[in-house]
Novice: 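One structure follows; several queries about it will come next.
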Amino acid sequence: MKYISTRGQTGPVGFSEAVAIGLAPDGGLFLPETLPDLSADLVRFAGLGYADLCHEFLRRFATDVDAAALKDIIVRSYRGFTHPGIAPLEQLGENLFVLELFHGPTLAFKDFALQLLGNLYEHQCRVRGQTLNVLGATSGDTGAAAIHGLLGKPGVAIFILYPDGRVAPLQERQMACTGAANVFALAVDGTFDDAQAALKEVFGDQAFREKHRLSAVNSINLVRVLAQCVYYLYAWLRLPKEKRLNVEFVVPTGNFGNVLAGWMLQQMGVPIRGFKVATNRNDILYRLFTTGEYRVTAVAPSLAPSMDIQVASNFERFLYYHAGRDPVHVREVMQAIKDTGTYRFEHFDADSFTASRCTDAEISSLIRHIYHKYGYVCDPHTACGFKEISRDRVSVVLATASPAKFPEVIRAAIGQEPIHSSLEALKSRPVVKHPVRAAATTIKAFIGQHGV
Ligand SMILES: *Cc1c(COP(=O)(O)O)cnc(C)c1O
């Protein structure tokens with residue numbers, strides 16, 4: 001399988017190369033040249049455990065990774081998950097399910113992709129006899145998950161930019177209290193979008209990028225999307241047969257990465273009815289899916305900080321398909337968004353999608369409501385998914401983080417605090433963070449000094 005760029009001026013390249021370079025050199029995002037049709041395999045898939053299913057799925061994409069090595073990477077990636085089901089599906093009501101994606105090491109769904117990515121990077125470094133500097137920007141959970149995917153791995157250093165003071169205290173501790181010498185938590189003076197812009201500029205410097213063997217780790221890496229497809233498939237296979245054809249996955253959304261994975265799986269022939277894009281007050285995607293207009297506005301901090309985003313990076317992948325796989329059109333739209341912050345789609349055809357948005361007050365009241373009605377404690381991101389649950393579909397709400405990551409919000413909503421032992425242990429460790437300006441020059445200097 002080869003990988004092409006949404007902007008049409010790179011490649012095609014193999015899987016390992018697309019993973020290693022992250023962002024395509026033409027500024028676009030990598031996508032598989034063709035999507036496999038899984039419809040004939042679904043019956044056979046139904047009996048597989050998580051790691052086996054993941055292998056069945058990924059081997060169709062990671063065609064240049066040795067099959068036995070791939071299997072080993074997958075097994076090791078999910079071995080650290082604390083729930084035997086890896087991604088357990090809990091039933092709350094007749095037609096209401098929660099897919100718990102927070103049983104990995106950093107208690108958020110990003111572990112699914114980033115444990116895998118960390119092990120793939122390690123494998124590639126070993127095979128090629130090279131070192132790698134990994135750079136990412138995070139609004140909270142990506143950075144923590146990326147760091148825990150690469151913690152202590154030989155030949156790899158990881159640099160994570162995050163908006164200082166705008167991630168939850170425990171999220172910061174997950175990044176800055178690892179004690180690992182190959183981990184650098186860079187506290188940026190600005191918002192997530194400022195950090196993301198600086199990161200894009202660093203990656204825009206081709207010479208620097210090659211000299212330091214720089215790789216991107218954030219929501220744009222191809223592996224993020226592919227690894228995330230697997231739990232949609234796993235959950236779909238676990239639903240009672242009579243419910244499967246009517247399922248709507250409800251996805252708390254920021255960068256559009258998670259929901260895009262589900263949508264791509266649907267394009268591979270898995271009969272999923274639809275997706276709900278659930279945003280917090282930063283509602284660019286809600287507005288897009290309800291009006292057809294993509295309009296960037298200022299980011300406002302919310303109770304669900306990992307969704308405090310107004311530039312939905314992965315949207316470009318959806319756009320590629322939406323634009324009839326025409327990279328010229330993708331370039332035009334992305335340029336217009338860059339220049340004016342706005343694009344109005346004449347015919348925004350998003351049949352499979354519905355959308356909802358949630359204010360902070362609604363997040364609190366939904367946490368309370370779900371607790372009182374079902375005895376279930378959900379985190380503030382997941383809470384957004386419970387807004388306007390469909391009456392005529394089977395809803396599977398993706399629980400993207402453990403409530404224990406947001407104890408203050410939960411206490412304010414239901415009067416008690418969820419506790420998780422791995423987070424308790426973090427509270428007594430020293431925080432080691434490096435304050436930086438959101439400027440490419442500053443970040444490059446730091447990598448030059450501390451990289452491998
Ligand atoms: C990252 C994150 C999201 C948003 O996911 P996207 O892929 O950016 O849409 C939602 N909830 C939590 C807990 C997250 O960490």
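For the numbers below, each heavy atom of this structure counts, side chains included, while hydrogens, waters and symmetry mates do not. Computed from a predicted structure; not experimentally measured. Whatever order the structure lists ligands and atoms in, that order sets their numbers, starting from 1.
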Novice: Salt bridge or not for R273 and E248, using N-O below 4.0 Å?
Specialist: no

Novice: Kindly tell me which protein residues have any non-hydrogen atom under 4.0 angstrom away from an atom of ligand 1, grouped by chain and ordered by number?
Specialist: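 Answer by chain and number: F109, K110, D141, P252, T253, G254, N255, F256, G257, N258, S306, M307, H381, T400, A401.
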
Novice: Taking side chain as C-beta onward, heavy atoms only, is M264 less than 4.5 Å from L31?
Specialist: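 M264 vs L31: side chains touch.
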
Novice: Decide if atom CZ of R393 counts as having more than 12 heavy atoms of other residues, nucleotides or ligands within a radius under 6.0 Å.
Specialist: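 Result for CZ/R393: enclosed.
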
Novice: Can you tell me if CZ on R437 sees more than 12 non-hydrogen neighbours from other groups inside 6.0 Å?
Specialist: no

Novice: Does E90 CD have over 12 foreign heavy atoms under 6.0 Å away?
Specialist: yes

Novice: Which pair of heavy atoms, one from Q171 and one from P305, lies closest together, and at what distance?
Specialist: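 Of all heavy-atom pairs spanning Q171 and P305, the closest is OE1-CG, 4.1 Å.
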
